[in-house]
Structures are given as structure tokens and as C-alpha cells.
Enquirer: 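One structure follows; several queries about it will come next.
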Protein chains: 2
Amino acid sequence: MTPHTEELAISEVAERTGLTVHTLRYYERAGLMLAPIQRASSRHRTYTAADLTWITFLTKLRSTGLPISQVRAYADLARLGDETRADRLELLQRHRITVVAQLAEMQASLAAIDYKISLYARKDTPA
Amino acid sequence: MTPHTEELAISEVAERTGLTVHTLRYYERAGLMLAPIQRASSRHRTYTAADLTWITFLTKLRSTGLPISQVRAYADLARLGDETRADRLELLQRHRITVVAQLAEMQASLAAIDYKISLYARKDTPA
DNA sequence: CTAGAACTTCGAGCGCGCTCGAAGTCAAGC
DNA sequence: GCTTGACTTCGAGCGCGCTCGAAGTTCTAG
């Protein structure tokens, strides 16, 4: 329980993000971190608030289906600095399109499921 | 090109459902079909309109993330007849809950992505 | 000094959902 | 009769995203 140091142990990050410590280490190995995660004298990882912010955002990318390879591409660009802003924006905008499409498809599928449920709800007609 | 016989070749079903012929055979092997797919004298599969309807619905279950094991469970129940109506309804209702939750999560993630995009769109502030 | 918990690295393994290739069969057209 | 092409079965393989276990280190408390 690090008191108020702003630095978080990996277990604390896991708790706050809903990821496992295994996944956090995996993400780091996979090159998804924006900046190298700093280490304490014990060689333990110490996450900053900025790290946590990024991890939170990356889980949103992941939960909308952006492949890890694309998240890495985004992180790679971000590490290169301001010059890549346009590329990062484009990546996000392209992803946005696919997310919107996914939402539409899910909603359509949900409607079909709801319709089926409504058929079951009428005791008479078999579904 | 089967003229108007109501019976469809696997390639035609693939075209209409967006699945591949490989996937269609895989689904059958996996026990996802409601009724056995009939065969022509050539041993080729011949799908009926009812088969197509079911396959269309099952892709909606799949596209909303219902695992194949659950689709099979549903199909198994359906094959058992009317007595299992309540179970099938419950399965769909349970799935519905998770779909709604997924939609909410995706929408929240989309909002975060949109916010990030809006930051990029302001030329000044770096994102 | 010792025990225990929390961390470390590394590489292997796994579950899911397809995806594919090999080898064979069948019907239709030339 | 022969070729072409769409189909068949079967089992192996694969890509993704973790997930896990082994073996070792370090800090903290008792």
C-alpha cells in the first residue's frame, strides 16, 4: 500500500484497470506502453498516473476490437512525437468507423434476438 | 445455379450468409444445426429455406459474442422440442443482458475515442 | 534470522474459432 | 471417354490474446 506517492505497484494497476498483472506485463513486452515503465530500486515496476491514463485508454481501444498490433502502431507513433499527430488521428478515425459499424451490427443483431424473445413470450406460437 | 427448387448448395448459402463453405461445414460438425442438413443423390448438402433462416439467426448470436458452445446448447434444446421452450427463452434472455452490457461498454469506449479525436482536432493542444 | 508476500523473467501452453489442404467422388459438357 | 469444377471427408494447423508455471529476488514483519 504505497501511501500517496503517485507511484503504483503492478498489482494496484491491475486492480484499477481490471487487467491482470500477467496481462500488464504482456502488454509491456508487446510494446504497447507509451513510455518505459520505471522501476523501483527493487526492480519492481512503478507506474505513474500518466501510465495509468494510457493503460485506461488502451483498454478502450482493445475493448472496441482494435488489434494489439494496431495499438502498438499507435504507441510507436506517439513515441515519435508531434510529427506523427496526423497519423495517430487518422488511425483513430479509421478505427472509429469500424466501431460505429460494429455498434450498428450489434444493435441489429440485438433487435433480431429481441424479436425471437418476443416470439417465445407469446405462449401460443412456437419459436 | 439451382433454378427455383428452394434447395441451396453450400456455396449459395455461403454467398447469402457471408460465411465460408468451410465455416458452414465446421458449424455442422460442431452440432450447431437445428436439423440434419439433407443430401442430394450426389451426397452434396442441400440447404432448405428453414436452414438458411436458422443460419442467419445463429450468425446474429455469434456476432453478438455468444460462444459456439452456447449456440450448440440452444440448438440441442430446440431439437428436444416444445418442452425446452422455457430453457431456450432463458438462454436468450441471459444473452440479451450481456449484449446490452457490451453495447454500453462499446459506446462508452467510443465516447473516449471521440474525445481523444477531438483533442487531436484542436491543432494547438497535443494529445 | 526467518518466513511470507509480492514481485521479477522467461518461455511454454491454451482456448477459441475458424482455416486449410489433401485426396477422393460425382455430374455435366465437350 | 475425358476433363472440369463443385462438392465430399478428415484431420492438422493457425492466429490471436492472453494465461500460467517455474525459479529466482527483494522487502517487510515478527
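Please read these numbers as outputs of a predicted model, since none were measured by experiment.
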Enquirer: Just N and O in the side chain of A:Arg45: are any of them under 4.0 Å from OP1 or OP2 of C:dC7?
Expert: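 No, A:Arg45 has no side-chain N/O under 4.0 Å of OP1/OP2 on C:dC7.
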Enquirer: Is it true that B:Glu105 and A:Lys60 have a side-chain N and a carboxylate O under 4.0 angstrom from each other?
Expert: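 Result for this pair is no, no salt bridge flagged.
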Enquirer: Cut-off 3.5 Å, side chains only: do B:Thr20 and B:Thr23 have a donor facing an acceptor?
Expert: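 The answer is yes; a qualifying pair exists.
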Enquirer: Pick the nucleotide of DNA chain C nearest each of A:His44 and A:His22; which residue has the one closer to the 5' end?
Expert: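 Taking each residue's closest nucleotide, the earlier one in sequence belongs to A:His44.
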Enquirer: Could you check whether A:Ser69 gets within reach of a base, just the sugar-phosphate, or nothing at all, counting any heavy atom under 4.0 Å?
Expert: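 No contact at all - A:Ser69 keeps every heavy atom at 4.0 Å or more from the nucleic acid.
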Enquirer: May I have the distance from A:Arg39 (atom CZ) to C:dC7 (atom P), rounded to whole angstrom?
Expert: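 My rounded result for the distance is 12 Å.
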Enquirer: Any side-chain heavy atom of B:Glu28 within less than 4.5 Å of one from B:Leu24?
Expert: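 No, too far: nothing below the 4.5 Å cut-off.
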Enquirer: For DNA chain C, whose closest nucleotide is more 5', that of B:Ser41 or that of A:Arg43?
Expert: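 It is A:Arg43 whose nearest nucleotide is closer to the 5' end.
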Enquirer: Under 4.0 Å, counting only non-hydrogen atoms across every strand here, what does B:Arg29 touch: a base, just sugar-phosphate, or nothing?
Expert: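 Counting heavy atoms under 4.0 Å across all strands, the contact made by B:Arg29 includes a base.
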Enquirer: Check the side chains of B:Ser63 and A:Ser109 for a donor-acceptor pair under 3.5 angstrom, ignoring hydrogens and angles.
Expert: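 Side-chain D/A pair, A:Ser109 to B:Ser63: present.
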Enquirer: Please determine, by modelled atom types, if A:Asp51 and A:Thr48 share a side-chain donor-acceptor pair under 3.5 angstrom.
Expert: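 Their side chains do contain a donor-acceptor pair, which is all the 3.5 Å distance test asks for.
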Enquirer: In this structure, how many angstroms lie between the P atom of C:dC7 and the CG atom of A:Leu24, rounded?
Expert: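 Spelled out: CG on A:Leu24 to P on C:dC7 is 11 Å.
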Enquirer: Does B:Arg43 have more than 12 heavy atoms from other residues, nucleotides or ligands lying within 6.0 Å of its CZ?
Expert: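 Open: at most 12 neighbouring heavy atoms sit under 6.0 Å from CZ of B:Arg43.
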Enquirer: What is the 5' to 3' range of DNA chain D, first to last nucleotide, that sits under 4.0 Å from any heavy atom of chain B?
Expert: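 Answer, 5' to 3': D:dC7 to D:dG11.
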Enquirer: Let me spell it out: for each of A:Ser42 and A:Tyr27, pick the nucleotide of DNA chain D with the closest heavy atom. Which residue's pick is nearer the 5' end?
Expert: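 So the residue in question is A:Tyr27.
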Enquirer: Hey, does A:Arg62 reach any base, or is it just sugar-phosphate, or nothing, if we go heavy atoms under 4.0 Å?
Expert: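 Here A:Arg62 touches the backbone only, sparing every base.
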